[in-house]
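Notes for the one structure printed next.
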Amino acid sequence: MEKKILDTVKKAVKELYAIEATEKQLLLQKTLPDYEGDFTVVVFPFAKSAKKSPVEIGEDLGKYLKKNMDEVADYNVIKGFLNLVFRNEVWTQFLSTNYNDENYGINESQEQKPVVIEFSSPNTNKPLHLGHVRNNLLGESVARVMKAAGRNVKKVNLVNDRGIHICKSMLAWQKWGEEETPESTGLKGDQLVGKYYVLFDQKLKEEKETLRQQGVAEDNLDEASELMKQAREMLRKWENRDEKVLELWKKMNNWVYEGFDETYERMGISFDKVYHESETYLIGKQMVLEALKRNQLEKAEDGSVWADLSEFDLDKKLLLRKDGTSVYMTQDLGTAKLRYEDFDPSNMLYVVGNEQDYHFGVLKLVLKKMNYEWADRIEHVSYGMVELPDGKMKSREGTVVDADDLMDEMYHTAKAMTEELGKIDGLSNAEAENLVNMISQGALKYFILKVDPKKNMLFNPEKSINFTGNTGPFIQYTHARIKSLLRRSGKSSFDLDAYNPEDLILPEKDVIKKLAAYPAVVKEAAKEMSPAIVANYTFELVKLYNQFYQDVPVLKNDNQLVIDFRLAMSVFVANVVRSSMAILGIEVPEQM
RNA sequence: GGUUCUGUAGCUCAACUGGAUAGAGCAACGGCCUUCUAAGCCGUAGGUUCCAGGUUCGAGUCCUGGCAGAAUCACCA
């Protein structure tokens with residue numbers, strides 16, 4: 001529709017003023033609520049070359065469009081804005097052809113090559129916290145929105161399962177764990193392992209304090225620490241495939257995986273493939289050594305290997321330590337290559353916080369330097385940090401918000417609220433539990449996803465999660481209300497052919513116009529990789545529907561055709577709400 | 001210090017990428033349930049869009065210079 005208007009405008013300026021309009025000059029927007037009209041053409045851009053005032057041009061174009069487009073019923077010009085009023089038929093016909101299409105706005109994938117999207121990427125030494133929650137929700141949702149826009153999406157996870165930090169929790173458990181297991185303690189596996197990671201840190205601090213008192217210099221504390229020595233020794237043993245260490249490593253990692261799986265499932269998150277750093281870091285090492293042979297990298301005197309990035313105005317980047325062990329960058333090179341070979345993707349996306357902007361910039365450059373032509377297919381989907389009222393989360397200082405705790409708390413709040421409002425009266429226990437889960441997850445997901453991913457966001461544990469206003473539950477509630485309305489009507493098919501378009505009233509028109517925008521919103525959100533665009537759209541839609549619902553009785557009308565029309569519109573809204581919420585990973589209830 | 005990002009109502013966030021009078025929610029205040037679900041709807045109040053210049057028909061949005069905050073610049077990941 002938008003395209004048709006612009007094409008006609010283009011023809012008009014050519015015929016009237018002999019102007020060849022460029023893409024940029026053709027500006028169309030929705031008419032503001034205060035003015036009469038549906039679409040607005042901005043005519044300022046033509047003023048100069050047409051040598052006429054904007055108002056005159058608006059009149060000319062308005063006349064032309066009214067004559068040449070059946071859809072245009074009338075027009076008015078205010079300053080440099082040409083407001084077009086469409087015939088009601090345009091909207092009523094749009095409604096009747098689309099209201100019952102459950103895939104309205106969603107495109108089936110036609111792509112061969114997939115776009116691979118990595119997210120979550122947890123460490124196996126501690127449980128997930130609020131920062132991971134944003135990452136997980138964003139990753140899952142970006143995958144879904146791209147899929148909805150017709151991309152062929154593969155979701156992958158890269159588990160950081162090796163390294164000195166993993167050895168720390170292993171060592172602490174070995175020393176002080178007394179054979180505790182998730183079964184014996186009743187703790188989730190990741191929580192149990194995390195407990196020992198924290199314990200290690202405490203013990204290390206104590207040891208360092210003692211060393212300090214003995215006069216050891218600050219810079220040498222790590223080197224002098226007996227605990228660190230043992231951790232490093234354990235890492236060496238791990239790399240040499242020491243059986244006992246490997247056994248412990250497997251045991252504890254499996255505890256963590258079981259814990260993660262539980263959390264992922266609760267959040268509704270899944271992956272097509274899971275990579276482990278323990279399986280990829282050697283590939284990266286191999287790549288570096290080969291590139292060194294090709295003289296694309298440099299070896300320093302002490303034996304360490306570097307990439308010289310001076311041609312990009314950057315410093316050198318270390319890729320292998322002098323003892324030959326790999327660093328973070330090295331294993332990312334390996335994973336990228338492995339992933340490229342596994343999927344032959346058109347794009348490789350990494351959902352990782354903006355604190356790693358520099359890292360991903362360098363990753364691409366190093367790959368380029370090593371002559372991998374697919375380096376440009378890597379894209380960092382960078383998102384902002386989650387901050388707490390008293391600043392950033394720091395695991396060491398115990399100021400993290402644990403993901404499981406957070407979800408538990410949300411569940412309890414949602415449950416109390418739902419009971420208080422009498423929403424679960426008449427539901428079975430299982431149904432009630434399902435509903436409360438849906439609502440608490442909806443509240444959390446919507447709260448996080450409605451914010452522009454690029455921006456830092458603030459999370460206040462006491463105040464952030466609401467269930468009224470611009471929230472997930474508000475949207476869920478609207479869906480339930482529509483479903484209730486439809487049940488009450490007892491109808492599932494509607495006679496729309498005989499409906500008189502003149503009966504269309506403004507609150508209906510506003511809703512239908514919003515519905516018409518949905519396909520473009522999905523595309524835009526996929527292009528920007530921003531679920532927030534979908535979230536904000538859905539809120540606006542639901543807001544408009546509620547205004548309609550409040551003012552206009554649906555089932556009470558002398559004219560059965562009007563009732564049918566309004567019910568069909570409600571079906572349409574419910575479909576789009578369900579579809580857009582699904583993009584955010586949020587389910588909607590039949591009643592609440 | 002260099003680089004990048006951010007700065008919009010008391011608070012949390014929008015603003016279709018340069019368009020009309022900057023919008024929502026929360027919090028505050030006032031209304032609306034004998035009528036389809038009040039987790040709702042309506043209204044009131046709340047703004048020098050951090051500051052100063054510039055570009056043009058037109059700037060929250062673009063350019064320059066400040067101010068404030070965050071991230072990053074590791075032989076951590």
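Just so it is clear: chains get the letters A, B, ... in the order the sequence lines come, proteins before strands, and each one is counted from 1.
Taking A:N536 as the reference, nothing meets the side-chain hydrogen bond (donor to acceptor under 3.5 Å, both in side chains) condition, with sequence neighbours excluded. Taking A:E508 as the reference, A:R566 meet the side-chain hydrogen bond (donor to acceptor under 3.5 Å, both in side chains) condition, with sequence neighbours excluded. Looking at residues two or more places apart in sequence or on another chain, you find a salt bridge (charged side-chain N to carboxylate O under 4.0 Å, His left out) between A:E233 and A:R236.
A:T471 comes within 4.0 angstrom of no nucleic acid atom, judged by non-hydrogen atoms across all strands. Residue A:E528 is in base contact, counting any heavy-atom pair closer than 4.0 Å across all strands shown. Residue A:I439 is classed as a base contact, given a heavy-atom separation below 4.0 Å to a base. Contact annotation for A:Q356: base contact, defined as any heavy-atom pair under 4.0 Å involving a base atom. A:T40 comes within 4.0 angstrom of a base, heavy atoms only. Here A:V552 lies in heavy-atom contact (under 4.0 Å) with a base. Note on A:Y35: a base of the nucleic acid sits closer than 4.0 angstrom, heavy atoms only. A:N354 comes within 4.0 angstrom of sugar-phosphate atoms only, judged by non-hydrogen atoms across all strands, and of no base. Among the heavy atoms of the strands lying under 4.0 Å from A:Y358 are primed sugar atoms or P, OP1, OP2 only; no base atom is included.
Taking the six-membered ring for Trp and the full ring otherwise, A:F474 and A:Y477 have centroids separated by 6.0 Å or more.
Under the 4.5 Å side-chain criterion, counting only non-hydrogen atoms from C-beta, A:P473 is not in contact with A:Y446. When side chains are defined from C-beta on, A:V156 counts as touching A:E118, because their heavy atoms get closer than 4.5 Å. Between A:E298 and A:K316 the shortest side-chain heavy-atom distance falls below 4.5 Å.
In this structure, A:L235 atom CG and B:C76 atom P are separated by 11 Å, rounded to whole Å. Across the protein-nucleic acid pair, A:F44 atom CZ and B:A20 atom C1' stand 8 Å apart, rounded to whole Å. Atom CD1 of A:I586 and atom C1' of B:A39 are 15 Å apart (whole Å). Distance, A:E540 CD to B:A14 C1': 8 Å, rounded to whole Å. Rounded to an integer number of Å, the gap from A:Y549 OH to B:U35 P is 12 Å. Nucleotide B:A27 holds its P atom 9 Å from the NZ atom of A:K463, rounded to whole Å. With rounding to whole Å, A:F360 atom CZ is found 13 Å from B:C73 atom P. Taking atom NZ on A:K556 and atom C1' on B:U37, their separation rounds to 16 Å, with Å as the unit.
Side chain of A:L27, nearest nucleotide from B:G19, B:A24, B:A77: B:G19. In the set B:C41, B:C75, B:A77, B:C75 carries the atom at the smallest distance from any side-chain atom of A:W306. When distances run from any side-chain atom of A:N546 to the nucleotides B:C75, B:A24, B:C41, the shortest one goes to B:C41. The nucleotide whose nearest atom lies closest to any side-chain atom of A:N83 is, among B:A39, B:U21, B:A20, B:A20. Minimum atom distance to the side chain of A:L421 is reached by B:A39, of the listed B:C75, B:A20, B:A39. Considering only the side chain of A:F474, B:C41 comes nearest among B:A71, B:A20, B:C41. Across B:U72, B:C41, B:U21, the shortest atom-to-atom separation from the side chain of A:D34 is found for B:U21. For A:K543, the listed nucleotide lying nearest its side chain is B:C41; candidates were B:U37, B:C41, B:A77.
Taking the C1' atom of each, B:G66 and B:G46 are spaced 30 Å apart, rounded to whole Å. Between B:C5 and B:G65, the distance separating the two P atoms is 14 Å to the nearest Å. For the P atoms, the distance linking B:G54 with B:G58 amounts to 13 Å, nearest Å. Spacing of C1' atoms, B:C33 relative to B:A14, comes out at 31 Å, to the nearest Å.
Of the side-chain N and O atoms in A:K79, one or more sit less than 4.0 angstrom from OP1 or OP2 of B:U21. Contact between the side-chain N/O atoms of A:R232 and the OP1/OP2 oxygens of B:C76 is not found at any separation under 4.0 Å. Phosphate contact (OP1/OP2 of B:C75, side-chain N/O of A:K317, threshold under 4.0 Å): absent.
Side-chain contact annotation: A:N466 with A:T471, donor-acceptor N/O pair under 3.5 Å absent. Remark: the A:Y17 side chain and the A:D60 side chain contain an N/O donor-acceptor pair separated by less than 3.5 Å.
In this entry B:G23 has B:C13 as its Watson-Crick or G-U wobble partner, both defining distances falling under 3.5 Å. When both pairing distances are held under 3.5 Å, B:G47 makes no Watson-Crick or G-U pair with any nucleotide shown. When both distances must be under 3.5 Å, the Watson-Crick or G-U wobble mate of B:G60 does not exist. In this structure B:U3 sits in a base pair with B:A71, meeting the Watson-Crick or G-U test at under 3.5 Å. Under the Watson-Crick or G-U wobble criterion, with both distances below 3.5 Å, B:G40 is paired with B:C32.
Nearest-nucleotide assignment on RNA chain B puts the 5′-proximal partner with A:M417, out of A:S304 and A:M417. Take the nearest nucleotide of RNA chain B for A:V42 and for A:F459: the residue whose nucleotide is more 5' is A:F459.
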Enumerate donor-acceptor pairs with a distance under 3.5 Å from any side-chain N or O in residues 516-535 of chain A to protein atoms, sequence neighbours excluded.
unit_1 : atom_1 : unit_2 : atom_2 : d
A:Y518 : OH     : A:S579 : OG     : 2.6
A:Y518 : OH     : A:S580 : N      : 3.3
A:S530 : OG     : A:A532 : N      : 3.4

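For A:D302 against B:C75, a side-chain-to-base donor-acceptor contact under 3.5 Å is present. One can find a donor-acceptor pair under 3.5 Å joining the base of B:U37 and the side-chain atoms of A:K423.
In summary, A:D201 and A:K168 do not engage in a salt bridge, as defined by a charged side-chain N under 4.0 Å from a carboxylate O.
When all heavy atoms are compared, the tightest approach of A:T124 to A:V256 is O-CG2, 3.5 Å.
Because its glycosidic torsion is more than 90° from 0, B:C41 is reported here as anti. In this entry the base of B:U44 is anti relative to its sugar, with a glycosidic angle more than 90° from 0.
Interface residues of residues 444-457 of chain A facing RNA chain B, ordered by number: A:V451, A:D452, A:K455, A:N456, A:M457; criterion, heavy-atom separation under 4.0 Å. Across residues 476-491 of chain A, A:Y477, A:A480, A:R481, A:S484, A:L485, A:R488 each have a non-hydrogen atom less than 4.0 Å from an atom of RNA chain B (numbered order).
Residue A:Q29 places its CD atom among more than 12 non-hydrogen atoms of other residues, nucleotides or ligands, all under 6.0 Å distant.
Aromatic stacking of A:F81 on B:A20: satisfied, with centres closer than 5.5 Å and planes within an angle under 30 degrees.
In summary, of the residues considered (A:V133, A:N136, A:N123), a side chain to side chain contact (heavy atoms under 4.5 Å, CB included) with A:L128 occurs for A:N136 alone.
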